[in-house]
Structure formats: C-alpha cells, structure tokens
Asks: 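Before I ask anything, here is the structure I am working with.
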Amino acid sequence: MRGWRRRPVVHQVTDARPSLSADIGKREKSYFIKMGIRLICLVLAFTVPAPMPVRLLLFAGAIFLPYVAVIGANAPPRVVPHAPDVEDSGQSEIPRHRREIGS
C-alpha cells in the first residue's frame, strides 16, 4: 500500500504571504502614485497650450485613472507559484552504480 500514502506537504518560508501592513502599504503606494498621475494630467489639461488631441488624452487620463487606481487597490494580492528548488525523487536506496557508498 506504499502507493496509497500521501507525500507530506513541505512548507517553505518563501511560501508565506506578506504581512497585512506590508500589503496595505504596497496598495496605498500604488494608489497614491496613480492619483498623483491623475492630478498631473488634470493640471496639464487646463494649463498647457497643447493641441486638442493631447488635451483630450490628458482629460481621459484624469477621468479613467481613478477607476484603475481603485480597482488596483482593491484587487487581492497575487500569489506567484514558484518552482521548487530541490526535487524529491522519492528514491529511498542508493543507486546500483553507487553501491560503494553504502558498503
């Protein structure tokens, strides 16, 4: 019945999620950067004497960046799967070509 046993789950320190305060800090930083860009777009749209397509692009940034900022701030943290550093071959005996190690 060896095949029916489950392998134990090995947890690593790198599997741990970041702390709640670190996650919130990262989200806040991202939100404030996006809202700062929005503010710059809004100010430039009113103050810079640019052609109309450029001004419309700046207005579009000022209108849609709050939506992007809020969605990004409320998104769940991404869990990046990682490849294990060491593979477990499940080998429990010394290979035949290396018998001298065990003798």
Side-chain angles (χ1 to χ4, degrees):
M1 296 301 267
R2 270 177 66 171
W4 291 98
R5 287 191 295 180
R6 289 185 163 199
R7 286 189 169 167
V9 177
V10 178
H11 296 281
Q12 298 177 359
V13 174
T14 56
D15 292 340
R17 292 183 183 167
S19 67
L20 182 59
S21 60
D23 184 43
I24 289 173
K26 183 179 174 186
R27 290 176 191 224
E28 285 177 345
K29 183 178 178 182
S30 172
Y31 178 80
F32 287 128
I33 288 171
K34 291 173 186 170
M35 293 308 284
I37 294 170
R38 176 200 183 225
L39 182 63
I40 291 169
C41 286
L42 193 61
V43 169
L44 290 177
F46 283 111
T47 60
V48 174
M52 188 54 83
V54 174
R55 294 177 89 182
L56 289 176
L57 184 64
L58 291 170
F59 277 121
I63 291 170
F64 292 112
L65 270 173
Y67 174 76
V68 172
V70 169
I71 295 298
N74 290 330
R78 290 186 228 153
V79 178
V80 179
H82 67 282
D85 293 336
V86 179
E87 292 185 23
D88 181 23
S89 64
Q91 189 174 12
S92 60
E93 66 179 43
I94 299 172
R96 291 188 185 272
H97 65 280
R98 298 296 303 240
R99 286 283 183 200
E100 70 276 2
I101 295 173
S103 51

Asks: Should Val54 and Val48 be counted in the same cluster of Ile, Leu, Val, Met, Phe, Trp and Tyr side chains packed under 4.5 Å apart?
Replies: yes
Asks: Can you give me the closest heavy-atom contact between Lys34 and Val68, atom names plus distance?
Replies: NZ-O, 4.0 Å
Asks: Mind checking what makes side-chain contact (heavy atoms from CB on, under 4.5 Å) contact with Ile40, not counting sequence neighbours?
Replies: Leu44
Asks: Minimum heavy-atom separation for Pro66 to Gly61, with atom names?
Replies: CD-O, 4.4 Å
Asks: Measure across Leu42 and Ala62 and return the closest heavy-atom pair with its distance rounded to 0.1 Å.
Replies: CD1-CB, 3.8 Å
Asks: Residues two or more places apart in sequence or in another chain: which of them pass side chain to side chain donor-acceptor pair (under 3.5 Å) with Thr47?
Replies: none
Asks: Under the salt bridge (charged side-chain N to carboxylate O under 4.0 Å, His left out) test, which residues partner Arg55, sequence neighbours left out?
Replies: none
Asks: Quick one: CG on Asp23 to CD on Glu28, what's the gap to the nearest 0.5 Å?
Replies: 10.0 Å
Asks: Could you report the tightest heavy-atom contact between Cys41 and Leu58, atom names first, then the distance?
Replies: CB-O, 3.5 Å
Asks: Find out whether Arg27 and Tyr31 are in side-chain contact, i.e. whether some heavy atom of one side chain is under 4.5 Å from a heavy atom of the other.
Replies: no
Asks: Decide whether Met35 and Phe64 are clustered together by the hydrophobic rule: side chain heavy atoms of Ile, Leu, Val, Met, Phe, Trp, Tyr closer than 4.5 Å, transitively.
Replies: no
